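Heads up: the structure comes next, in structure tokens.
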Amino acid sequence: MTTLAPTGFESTLTPNITLVLVVVGLVAVGTALALDRSLVRVLLGMVLIGNGVAVLYLVVSGRAGRAPFVGEDPAAMSDPLPQAMVLTAIVISLATIGFLLALSYRLWQISGTDDVPDDAEDARIQRLARDDETSETYDRSEESTTTSDERAEAGESRG
Amino acid sequence: MGDFAVPNLLPLPVLLPLLGAALALAFRRSDRLQRIVSIAALAGVVVVAAVLVWQTDASGPQVLWLGAWQEPLGISLVADRLSALMLLVSSVVTLLVLLFAIGQGHADSDDEVARETPLSIFHPTYLVLTAGVANAFLAGDLFNLFVGFEILLFSSYVLITLGGSASRIHAGTTYVVVSLLSSALFLIGIAATYAATGTVNLAQLAIRIGGLDSGVALVLQLCLLTAFAIKAAVFPMSAWLPDSYPTAPAPVTAVFAGLLTKVGVYAIIRTQTLLFPESPLTDLLLWAALLTMVIGILGAVSQSGLKRILSFTLVSHIGYMIFGIALSTQAGTAGAIFYVVHHIIIQTSLFLITGLVERIGGSTSLHRLGGLAMASPLLATLFFVSAMNLSGVPPFSGFLAKIGLVDAGIAVGTPLAWVVVAGGIVTSLLTLYALSKVWSQAFWRPLAEARQVAELAAEEAADEAEQFEQAELDAGRRPRGTTTITAAPTGVALAVDTSPRALPRMMLGATAAMTAVGLSITLVAGPLHAFTERAAADLRQRDPYVTSVLPEQVRR
């Protein structure tokens, strides 16, 4: 199917185990927080996950080295590309977190709580199940035409 | 046109809307200037995209390395047939939806709806959104793709919570958190890819991933696929969509439904074909496609609000595209691309029609609508045509798109492929069922009958809300006195008026134009199908993309 011959690119990366543990810790704690019902906790969880991912980029950039300036010995430099990427990611997550903060404030203004609300539809279906009712889409209008005509007439004569 | 002009066009689909956004923000006090700027910027993108389609078809993928760094160090923008086609369709859609939104703004300028939808913010944000979409389509490396996603996501956060009303904030919260999570996954995927291969350039990755250990490659593939599947709303990552889209203003929902999920689908097509051509995940994707289709459409069948029905059909029809991608044959990929084009246009026009229904009827709940065919025969025609188109009734493009996929599925011929083909046909029938229910209730049934049903429903809903409130209070979930979001529509404030508001001509015009574009796909189906076949052939071969992006000496 393809004529592209895979090349023998060898990754020379040796991950720093301390940093990996930090990533694991941050992402795990962040995930636990993100599962909470309070939006502020979710937000804190997101911040921690974001930081964990940022540290992951440090793992990816390989061993620590000197700042990558022109004129520096390339062998002694640290890899600048992951740093550039993670800076972008940090800026983006800063803005998003700011927005989410504003959202949770507004949510608190509106409903007096910062709980992530029940999904309206979900709640409705649960309620129907609990009450053992037919669903709302059990189509009332699909009763026989005569019945609806009779009802219409009855309604008119009453009104 | 000489070859020298070719690469210079590539940044324009991103730059024009960004520049337009800056100008629109500067002109925020003048509606008229804002409109002119926005229309000019988006019309410019349409022209550029059309030229790009022609150029990529005539002379292969167009590439631009930004900033004149030595390849492959810089950021590359790449347009091949797929990108150019997506760009053209998306720019036409964004332009028409913009006209719709302007028409709405015009009509509502001294109305409470205007306060709900502050246009001075709308224009710049909308333009940034289109810039993000264009950037995602043109991105030549994974990280730039991520940036494109973030640009469009961030403007979508603003658009979905426009006005900050309670329902929009509720919907927006879910949406933002889900998007944040998928972005984090995407970032992890990029980090892992970089660690394994030392590059994020798609063309280089195409070469290097083949040499990786198959386990590592699988991890990368799953990571990227999950991130994109959340954005594309593939089951089981689709639950966020029907909860967040319906509350936004009509033009916003329309453009989200048309474009945002398709950017995710585009990213899946791109990575599946370019990076992981011998995918071991065909079966997994076929299952995902089947479940997305069937569960999505069952959701649509069980809904009673027009916007929610359409949101569920949106999820469901994403399954068709995943089906085409999963087959990983040329016919399957071509079918998926054709389906994307068809679906962007048709889903957008259905949501625009819903916006007009809401204007006439004051609601989108099927329990409260009736007699619309009488009130506006033109709108009814538009809905009917679009609904038939979406559900795949011949001779519309929905039928052609589905036939292409069914053909491709049968050609593959594995038992699972047959099952998914059958699932696709059932889904198509159920779509027809869900939409004809809308037709018979909202458009066709007489007003008097609609009134009665509405009264009944209102009473029942009031009861339900009361019970729910009580249950919540009992459970201590909520302090007393706070408002409930599930509060039923109070009273019998009947939606359908005997003398409906006249539809603003511009909104109707934009909607009609969108439907006409959808119909015209049937007319140009031959050339379009040939084009998608060529695009799919490029994608399957991979050579055209890689060789045009990378100079020979760095092709490793």
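Chain identifiers are assigned alphabetically (A, B, ...) following the order of the sequence lines, protein sequences preceding nucleic acid strands; residue numbering begins at 1 within each chain. None of the values given here were measured: they were computed from a predicted structure.
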message = Determine whether B:Thr197 and B:Gln204 satisfy the following criterion, side chain to side chain donor-acceptor pair (under 3.5 Å), listing intermediate values before the conclusion.
response = CA-CA 9 Å; B:Thr197 63; B:Gln204 277 189 311; over 6 Å; no

Honestly, the part of A:Ala95 sitting under 4.5 Å from a heavy atom of chain B is both

Of the listed B:Ile151, B:Thr174, B:Ile188, the one with the largest count of heavy-atom pairs under 4.5 Å with chain A is B:Ile188

Closest heavy-atom pair, B:Thr161 versus A:Phe99, reported as atoms and distance to 0.1 Å, is OG1-CZ, 3.6 Å

message: Keeping B:Lys307 on the side-chain end and B:Thr247 on the backbone end, is there a donor-acceptor pair under 3.5 Å?
response: no

Whether B:Ser182 side chain and B:Ser179 backbone form a donor-acceptor pair below 3.5 Å: yes

Residues 42-52 of chain A vs chain B, non-hydrogen distance cutoff under 4.5 Å, contacting residues -> A:Val42, A:Met46, A:Ile49

When the 4.5 angstrom heavy-atom criterion is applied to B:Val158 and chain A, the contacting part is both

Query raised in the report: How about A:Asp79 and A:Tyr57: does a side-chain donor come under 3.5 Å of a side-chain acceptor?
Result: no

Q.
If you apply the rule side chain to side chain contact (heavy atoms under 4.5 Å, CB included), what do you find for A:Trp108 with A:Leu39, and how did you get there?
A. CA-CA 10 Å; A:Trp108 177 79; A:Leu39 189 56; over 6 Å; no

Bottom line for A:Leu103: the part with an atom under 4.5 Å from chain B's heavy atoms is both

* Would you call the rings of B:Trp240 and B:Tyr175 parallel, tilted or perpendicular, where under 30° means parallel and over 60° means perpendicular? -> tilted

Heavy atoms of B:Leu187 and A:Ala89 approach each other most closely as CD1-CB, 3.7 Å

Honestly, the part of B:Phe154 sitting under 4.5 Å from a heavy atom of chain A is side chain

Okay, B:Leu73 and chain A: the region with an atom under 4.5 Å from a heavy atom over there is neither

Q. Within the side chain of B:Arg540, is there an N or O that forms a donor-acceptor pair under 3.5 Å with the backbone of B:Thr333?
A. no

Looking only at B:Val200, B:Val147, B:Leu181, the option with the highest number of non-hydrogen pairs under 4.5 Å against chain A is B:Leu181

